[in-house]
Trainee: 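The structure's right below; bear with me while I get my questions together.
Throughout, protein chains are lettered first and strands after them, A, B, ... in sequence-line order, and every chain is numbered starting at 1. This structure is a prediction, so every number in the text was calculated from the model and none was measured.
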2 protein chains.
Amino acid sequence: MRKRTISIATVAAEAGVGVGTVSRVLNGSDQVSEATLKRVLGTIERLDYRPLRSASSLSKGRTDAVGILVSVITRPSVMARLVGVIDVLSDAGLDAVVFNVDNRAQLDRHLSSIIDQRRVDGIISISLRIPKERIARIRKLAIPLVLVDNSLPNLPCVYIDDVAGGKLATEHLLSLGHRRIGFIGDNARSDLGMSASENRYAGYLMALEAAGIGPDFDLVARGPHSSEAAAVLASALFELGKRRPTAIFASSDTLAVGVIKAAQQHRLKIPDDLAVIGFDNLEVSSILDISTVNQPLLESGTKGASKMVSLLNGEIAKPHREELVLDVVPRGSSLGIQRNSPTKLYGVVEGPKGLQILQGGEELVS
Amino acid sequence: MRKRTISIATVAAEAGVGVGTVSRVLNGSDQVSEATLKRVLGTIERLDYRPLRSASSLSKGRTDAVGILVSVITRPSVMARLVGVIDVLSDAGLDAVVFNVDNRAQLDRHLSSIIDQRRVDGIISISLRIPKERIARIRKLAIPLVLVDNSLPNLPCVYIDDVAGGKLATEHLLSLGHRRIGFIGDNARSDLGMSASENRYAGYLMALEAAGIGPDFDLVARGPHSSEAAAVLASALFELGKRRPTAIFASSDTLAVGVIKAAQQHRLKIPDDLAVIGFDNLEVSSILDISTVNQPLLESGTKGASKMVSLLNGEIAKPHREELVLDVVPRGSSLGIQRNSPTKLYGVVEGPKGLQILQGGEELVS
DNA sequence: TCATGCCATGGAACCGGTTCCGAATCGGGA
DNA sequence: TCCCGATTCGGAACCGGTTCCATGGCATGA
C-alpha cells in the first residue's frame with residue numbers, strides 16, 4: 001500500500017512510461033506505438049485506473065456538462081422536452097445538469113452561478129426567457145446557448161408558432177360551425193417569459209376576427225395551470241346560461257381535461273352541447289379522446305440538444321433557428337366520431353398468470 | 001490587456017495580498033482581518049472575479065454535484081420525486097446531474113462513469129435497483145448512496161410498502177362488498193428492479209386470501225405502463241361476460257384512467273357496474289374522481305435529498321431508513337358519492353379581459 | 001525590557017490531468 | 001556510412017484553486 005489514489009503518475013511509473021504517454025493513450029492520440037499502447041492499456045486495466053473528471057476539466061478548460069434551465073418540470077409538456085434533451089446529451093457523453101426555476105430571482109441566481117463559475121460548457125433553456133443582460137454576458141463569454149420552446153433573434157432555437165397554433169385550434173372549432181367559442185388559459189408568467197398561453201390566445205382572437213367575430217371577454221378565463229382550476233373556470237362559463245359558449249379552446253390539454261370534467265358535471269354532452277379542443281397532444285388527451293393541436297414535444301428537446309452538441313464540437317448548428325410544425329388532431333371532443341379503439345396497437349396474449357401485453361408494444365405508445 | 005482570464009492570482013496581485021488570503025476570503029475563513037477582507041472583496045467586485053468551479057473541485061477533492069439515476073422520467077410519479085430531489089439539492093448549493101436510464105446496460109454504463117470518474121459526490125437512485133457488485137464498489141469508495149422509492153438493508157433510503165399499499169387498495173374494494181376483483185398492472189422491469197407493480201399485486205393477492213378468496217388469473221392482466229394499454233387489457237376483462245370483475249385495482253392512476261375509459265366504452269357505469277381504484281394519487285385521479293392510494297411522492301424526493309445533504313456534510317442521515325405512510329383516498333370511482341366541487345378552493349374574479357383565478361391560488365393545487 | 005503566544009498573512013506545494021517542446025530512436029536514401 | 005525527416009516518447013510547465021507551514025507583527029504578562 002503505497003499511494004492512496006492511483007493517478008496518471010502511478011500508471012506511468014507502473015508501465016515504465018511518461019505521464020504524457022499515458023495521457024495520449026487515454027485521449028486516443030495516434031502518436032503512440034502499438035506496443036506501448038498495449039502495455040499502457042494493460043496497466044490501466046490491472047490498476048483499474050480511471051482519470052479524474054475534475055482534473056481533466058481543469059486542464060482542458062471544459063466540463064463536458066450542459067446546464068438545463070427549466071421551469072415547472074411537473075408539466076408533462078415540459079417533461080417531454082427535458083427527456084429529449086437529456087437523452088441526446090447523454091448519448092454525446094455530456095452530463096445534464098438540471099436547474100429547476102420557480103421565479104425570476106432563482107433564474108438569476110442559477111444563471112450567475114452557472115455562467116460565472118463555468119460549471120457547464122453550454123446552456124439550454126426550456127421555455128424560459130433569458131434576461132437580455134444575461135444574454136449579453138453569455139455572448140461575451142462565448143458560452144453556447146440554445147433555446148427550446150422559445151425564440152430570440154440570432155440565437156439557435158427550436159420553437160413553435162403558438163399564435164398560429166391558437167389560430168389552428170380556433171379555426172377547427174369555427175369550421176364545425178361554432179360561433180360562441182370560449183378560451184381558457186394560464187395566468188401569464190411574464191417574469192419567466194412563459195407566454196405560450198397568451199400567444200395561443202392571440203391566435204384565438206385573430207381567428208375569430210378573421211371569421212368576423214368580435215372578442216367577447218365574458219367567454220375568456222385564465223387561471224393556474226391545473227385541471228382543477230380549468231374546471232372551476234369552465235363551470236363559471238357554463239353558468240352564463242344562453243350566453244354560454246358552445247365550444248371551448250383550452251390552451252393546454254391539462255386544462256382541457258378540466259373543461260371536460262366540468263362539462264360532465266353540468267350534464268353537457270360532448271361534443272353536442274360543448275366542443276372542446278386542447279393543445280400539446282399529451283397522452284391524456286388521446287385516452288380521453290380530446291381534440292388537440294399536436295406539437296412535437298420530445299423532438300423539440302432532441303433537436304435543441306443536437307444543436308448544443310454541434311456547437312460544442314465547434315460546428316455550426318445546422319438549421320440555426322428551427323420552427324416545428326403544428327397540426328390539429330381532431331378527436332371525439334369536437335367531432336363526436338368515436339375514434340378507433342386502440343386495441344389493434346397491442347397484441348394481448350394469455351400469460352401464465354393472467355393476460356399480458358408484451359413489453360415490445362410499449363414502443364407503440366408515444 | 002495583460003491576462004486573458006482573471007484568476008485568484010490576478011486578484012491577489014491587484015489587492016496586494018497573497019493568494020492564500022484571497023482563497024480564505026472566498027471561503028469565508030475567520031482568519032482574515034476586517035481591513036483586508038474589505039479590500040479583497042472590493043477587488044473581487046471590481047474585477048468581477050468568480051472562482052472556477054473545476055479548479056476548486058480538483059483541489060478540494062469534491063464536485064458539489066449529486067448524480068440522480070432515474071428511469072422513465074415521463075411518469076408523473078417519477079417526475080414528482082425528481083422535482084423534490086432537485087429542489088432540495090439546489091437549495092443546498094449542489095448541482096443535480098440527471099441520468100436517464102432505459103435499460104440495464106445503460107444503468108451499468110452510467111454507474112461506472114459516475115463512480116469511476118468521481119464526477120459527483122453522491123448518488124441518488126430513484127426507483128432503480130443498483131446491482132450488488134456496484135453497491136460494493138460504491139461502499140468501498142465511500143460514495144454516499146441514497147435510495148428513493150427503493151429499499152436495501154444498511155443503506156439510507158426512503159420507501160413505501162407497496163405490498164401493504166396493494167392490500168389497502170384491495171381491502172377498500174372488498175369492504176364495499178366486491179368479490180370478483182381484477183388487477184391490472186405493469187410488466188415487471190426486473191432488469192431495472194422496478195417492482196412496485198408486482199409488489200402491489202402481491203398485496204392484492206394477500207388481501208384476497210385473507211378474505212377467503214382464491215386467486216383468479218383470468219382477472220389479472222399486465223402490460224406497458226400506459227392508459228392505452230390498460231384500456232385494452234380492461235376491455236379484455238370486460239369481455240368475460242358474467243365472469244367479468246365487478247371491481248378493478250389498477251397498480252397506478254395512469255392505468256386506472258385507461259380502465260375508466262374502457263368501462264365507458266363498454267357502457268359500464270362507474271361505480272355501480274364497475275368500481276375502480278388506482279395508486280399514487282396523481283392530479284389526474286383527482287380531476288377524474290378516481291379512488292386511489294395516496295403516497296407522498298414529492299416528499300420521498302425531498303427526504304431522500306435531505307439525507308444526501310446530511311451525508312455530504314459528514315453527518316448521519318437522521319432516520320437512516322424511512323418508510324412513508326400510505327392511505328386510501330376514496331372517491332367517486334369506488335364510492336359513487338359525488339365529491340365536493342373544487343370551486344371553493346379557488347376565488348374566481350372578473351378581470352379586465354375575462355374571468356381570472358389569481359396565481360396565489362396555485363398553491364392550493366397539490 | 002524581554003519572553004510568550006496568538007493572529008494575520010505570504011507563498012510553496014499540491015490536487016491530477018493536458019500539452020508542448022525537445023530528445024531519442026528508427027528507417028531510408030544518398 | 002552518414003544525414004535527414006518522421007515517429008515516438010519523457011517530462012516540465014501549466015490549468016486555478018486549497019492548504020499548510022513559516023514568518024512577522026502586535027499585545028499581553030512577568
Trainee: Using a cut-off of strictly less than 4.0 Å, decide whether B:Q31 has a side-chain nitrogen or oxygen near OP1 or OP2 of C:dC7.
Mentor: no

Trainee: For the side chain of B:K60, starting at C-beta, report the closest nucleotide among D:dG16, D:dT18, D:dT8.
Mentor: D:dT18

Trainee: Checking side-chain contact (heavy atoms from CB on, under 4.5 Å) between A:L128 and each of A:L147, A:V148, A:L69, which is the one that passes?
Mentor: A:L69

Trainee: Side chains of B:V98 and A:I68, heavy atoms from C-beta outward: is any pair under 4.5 Å?
Mentor: no

Trainee: What nucleotide, of C:dG17, D:dG17, C:dG11, holds the atom closest to the side chain of B:V19?
Mentor: C:dG11

Trainee: To the nearest 10 degrees, how far apart in direction are the end axes of the helix from C:dT1-D:dA30 to C:dA30-D:dT1, each fit to five base pairs?
Mentor: 50°

Trainee: Rounded to whole Å, please give me the gap between CZ in B:R24 and P in C:dG10.
Mentor: 8 Å

Trainee: Starting at atom CD1 of A:I8, determine the distance to atom C1' of D:dC15, rounded to an integer number of angstrom.
Mentor: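 Between C1' of D:dC15 and CD1 of A:I8: 14 Å.
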
Trainee: Checking A:R109 now: which residues fulfil side-chain hydrogen bond (donor to acceptor under 3.5 Å, both in side chains) with it, not counting sequence neighbours?
Mentor: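 Counting only residues at least two positions away or on another chain, A:R109 forms no side-chain hydrogen bond (donor to acceptor under 3.5 Å, both in side chains).
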
Trainee: Just the rounded figure in Å: distance from P of C:dC15 to CG of B:D64.
Mentor: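 Distance check: B:D64 CG to C:dC15 P gives 20 Å.
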
Trainee: Tell me whether the side-chain N/O atoms of B:S23 come closer than 4.0 Å to OP1 or OP2 in D:dT18.
Mentor: yes

Trainee: Under the side-chain contact (heavy atoms from CB on, under 4.5 Å) test against B:V146, which residue among B:L311, B:L155, B:V309, B:I123 passes?
Mentor: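 Only match with B:V146 under side-chain contact (heavy atoms from CB on, under 4.5 Å): B:L311.
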
Trainee: What's the CG-P distance between B:L26 and D:dT19, to the nearest Å?
Mentor: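 The answer, rounded to whole Å, is 12 Å.
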
Trainee: Run the side-chain hydrogen bond (donor to acceptor under 3.5 Å, both in side chains) test against B:Q117 and tell me which residues pass, sequence neighbours left out.
Mentor: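 For B:Q117, the residues satisfying side-chain hydrogen bond (donor to acceptor under 3.5 Å, both in side chains) (neighbours in sequence not counted) are A:R53.
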
Trainee: Would you kindly give the CD-to-P distance between A:E34 and C:dT25, to the nearest whole Å?
Mentor: 21 Å

Trainee: Examine D:dG17: is either OP1 or OP2 under 4.0 Å from a nitrogen or oxygen in the side chain of B:S54? Give yes or no.
Mentor: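 No, no such contact exists.
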
Trainee: When we call it a touch if two heavy atoms are under 4.0 Å apart, what does A:V22 touch: a base, just sugar-phosphate, or nothing?
Mentor: nothing

Trainee: 5'-most contact on DNA chain C: B:G16 or B:A55, nearest heavy atom basis?
Mentor: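 The 5'-side residue here is B:G16.
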
Trainee: So for atom CD, which belongs to A:E133, do other residues, nucleotides or ligands contribute more than 12 heavy atoms lying within a distance under 6.0 Å?
Mentor: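 Count over threshold, so yes.
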
Trainee: What integer distance in Å separates B:D30:CG from C:dC6:P?
Mentor: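 Roughly 15 Å, once rounded to whole Å.
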
Trainee: Would you indicate what A:L52 reaches in the nucleic acid, counting non-hydrogen atoms under 4.0 angstrom: base, sugar-phosphate, or nothing?
Mentor: sugar-phosphate

Trainee: Output the rounded distance in Å from CZ (B:R50) to P (D:dG16).
Mentor: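 Distance, rounded to whole Å: 17 Å.
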
Trainee: Using only side-chain N and O atoms of B:S59, determine if any of them is under 4.0 Å from OP1 or OP2 of D:dT19.
Mentor: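 For D:dT19, OP1/OP2 do not have a side-chain N/O of B:S59 under 4.0 Å.
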
Trainee: With a cut-off of less than 4.0 Å, is there a side-chain N or O of B:T36 near OP1 or OP2 of C:dT9?
Mentor: yes

Trainee: Rounded to whole Å, please give me the gap between CZ in A:R39 and C1' in D:dC9.
Mentor: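 Atom-to-atom, A:R39 to D:dC9, this comes out as 11 Å.
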
Trainee: Checking side-chain contact (heavy atoms from CB on, under 4.5 Å) between B:V66 and each of B:V120, B:I124, B:I86, which is the one that passes?
Mentor: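 Among the candidates, only B:I124 passes.
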
Trainee: Taking 4.0 Å as the cut-off, does a side-chain nitrogen or oxygen of A:T5 come that near to OP1 or OP2 on C:dC15?
Mentor: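 False: A:T5 side-chain N/O out of range (4.0 Å or more) of C:dC15 OP1/OP2.
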
Trainee: Any idea which of C:dA12, C:dG10, D:dG17 is nearest the B:T21 side chain?
Mentor: C:dG10

Trainee: Can any side-chain N or O of A:T5 pair as donor or acceptor with the backbone N or O of A:S7 at less than 3.5 Å?
Mentor: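 Pair absent, no side-chain N/O of A:T5 close to backbone of A:S7.
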
